[in-house]
Amino acid sequence: MYTSEQVKQLQHQTKALLKADMISKNEMESLRDVLRFHEYRYYVLNDPFLADYEYDQLYQWLVKLEKAHPELITADSPTQRVGTSLNQAFVTVPHLVPMLSLDNSYNAADLLDFDRKAREITGLDSIEYCVEPKFDGASISLIYENDLLTRGATRGDGVEGEDITQNIRQIRSIPLSAPFLANGVRQIEIRGEIILSKQSFEVYNEKLIDQGLSPLANPRNAASGSLRMKDPREVAERNLDAFLYHVSYHTGHPEALNTHSGSLDLLWDLGFRTPKKEKKVLQGIDAVIAYCMDFETKRDDLPYEIDGMVVKVNTINLQDKLGMTSHHPRWAIAFKFKARQATTTLTGLEFQVGRTGAVTPVAKLEPVYLGGVTVSSISVHNEEYIVQKDLKIGDTVLIERAGDVIPQIVKVLPELRTGEEEPIIFPKTCPVCGNDLFKEEGEAVWRCINIECEAQVMERIIHFVSKDAMDIKNFGEANVRRFYEQGLLKDIPGIYQLDYEKIGGLEGFGKKSLDNLQTAIEASKQQPLYRLIYGLGIRFVGETTAKTLANSVNHILDFANKTEEELLALEDVGTKVAKSIQGFFHNPSNIEMLKQLEGQGLQLINQKKEAVAAGSLSGQTFLFTGTLGKMKRSEAEAMAEAHGGVIVSGVSSKLNYLVVGEDAGSKLEKAKKINTVKILTEDEFLALLAD
Ligand code: IVH
């Protein structure tokens, strides 16, 4: 993609731009080139040259310049990935060429059969194949016209898909433009797969679990779900990746496109992530079989999931000659890897108590190697699950890595029972603190409701310091456990009163790590209010709700006086959430803890609100009702607040503006009766802000 000369030049430009006090509009294109280069290094090659903050610094320069000179913004500027429509509807669009799927093969005999048919039709003795991984994600097609990405679509039914261009633009390994014209190609349709790396998938699932939602079974589901999200900005947060592997249509006659391997190389050279390195061109089917088998042994070393290999006839002319059936091409076949399963013995059961007191049974297994990892324990979710699977201690169980990530028990093998197996008895008391366990109606989980329970306290501290909460770097789960067990930390405020002298005495704590820890703890005091709210681990309050909550108050203790009705008026807050918030803030020991944290210098006020109170709508009260068309309610509220407005929760004579969306109900009726309340449409509200 970049010659070493160009790399040198771009590195030089980067340094100059980073050092510059001022970047002028004449340097905008150079700034864009530099940003594109670093995007490519980071997202396509996985080999960045810049620190994140350096990239951000340059990116912000560009944002600033483009703001000052909007007429100079280009469609493929790195800033133009950012989504604009917040609630997109996906339009159905036809593919230029139908997206067929592949026939499957499972063993050498199937591949020999495929090759025999291909040789019969072509009359050749031996065929050249290109073999590459079969990515386990969601397939897409991209169209580039005159070098610009003009459309991205889902597979749909193969003939028509959904236009997801806005979401595709958020994936930074997909270039917004590429020099096809210079290769004689005006229009091209490329197919590929959107994937989520194993690591991003785990991060995503942890988030879901934190929010009390069920984790997804595999990265494929996560990727396809992400592609169809209404808000492109959320797509950007998912860290999706793309592999492009097939040119389905193109104008012009570049020589590289005469073979499949040539097209992967060309796409790679133009800045796309393709399986250039993973693919292999092989003569004859025997070499293909060997390569497929060999790759299967390496699948666990890859950072992303693959579920097999794809074998393709390499020469495009031959592909055309072979043609297709109504379902799949005759020139390609998928070789599916075996499901990863193993049998082992269930040796015991452990009951773990989580942050919210939920008791999770964990099956202990005779360690067994399964797809790259040794599995020695598996969560068995809850009592019902144990009954349903009829698990007994001593049983032989068949286990599988579902979606190749989370191991689970498929079934018991009752024919191997000896009669010595013991039933699993679910405890009636907390295995950590001994208090009685409770089960709420309609729930499957048993809980320890003693909030002083050591296991819960420790898990709450772990959550508080975690990345999405207060993000106290260098703390981490292991240190929380260690300090807690040593008696150096007993609750959340304890984080801010650590005895560093004693910690310094622990093994492995040098001056540097002590300094780092202290600095990180100190820095966390400045974290915005929503992080603190999220960090408190209030049940059902995930990150998004925490943001809404933070925006609705001036000070966190205001929640102690909020009625359930006021809480219900907030976006995303239903009865369950409102009750949980009230439960938290009506508990005197929680209030005591918050006061203690405030005394220690943490941010308990909503700074954003404070800073903007002097805006153009200063002191004016707003209430939003009904469904807004252009933005989420929380965003509209944030905009009003940014101009100094105050959000209130009910219609009264104190209300200045009621902004009504679609299907507004009783609030609108009530407001109509109070003639001091001004009723605005969404557009009128936006116009008011623009004044
Ligand atoms: S080629 C006409 N190559 O597997 C042939 N497909 O079961 C076009 N897939 O729908 C497909 N990795 O979503 C091709 N390297 C690869 C692939 C691949 C994953 C997916 C694709 C396709 C499905 C077929």
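Scope of the values below: all heavy atoms of this structure, side chains included, with no hydrogens, waters or symmetry mates. Remember, it's 1-based here, ligands and their atoms both numbered in the order they're listed.
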- Task: Compare every heavy atom of Arg151 with every heavy atom of Leu96, then report the nearest pair and how far apart it is.
- Result: N-NH2, 4.5 Å
- Task: Indicate, with yes or no, if the rings of Phe243 and Tyr304 have centres closer together than 6.0 Å.
- Result: yes
- Query: What residues come within 4.0 Å of ligand 1, counting heavy atoms only?
  - Reply: Leu102, Glu132, Pro133, Lys134, Phe135, Ser139, Arg191, Glu193, Tyr245, Val310, Lys312, Pro329, Trp331
- Query: Should the pair Arg41 and Phe49 be classed as cation-pi, given the thresholds of under 6.0 Å to the six-membered ring centre and 45° from the axis?
  - Reply: yes
- Item | Glu477: salt bridge (Lys or Arg N to Asp or Glu O under 4.0 Å) partners, not counting sequence neighbours | Arg481
- Message: For a quick check under 3.5 Å, do Glu160 and Thr92 share a side-chain donor-acceptor pair by atom type?
- Response: no
- Message: Assess whether a salt bridge exists between Asp395 and Lys389, defined as any Lys/Arg side-chain N lying under 4.0 Å from an Asp/Glu carboxylate O.
- Response: no
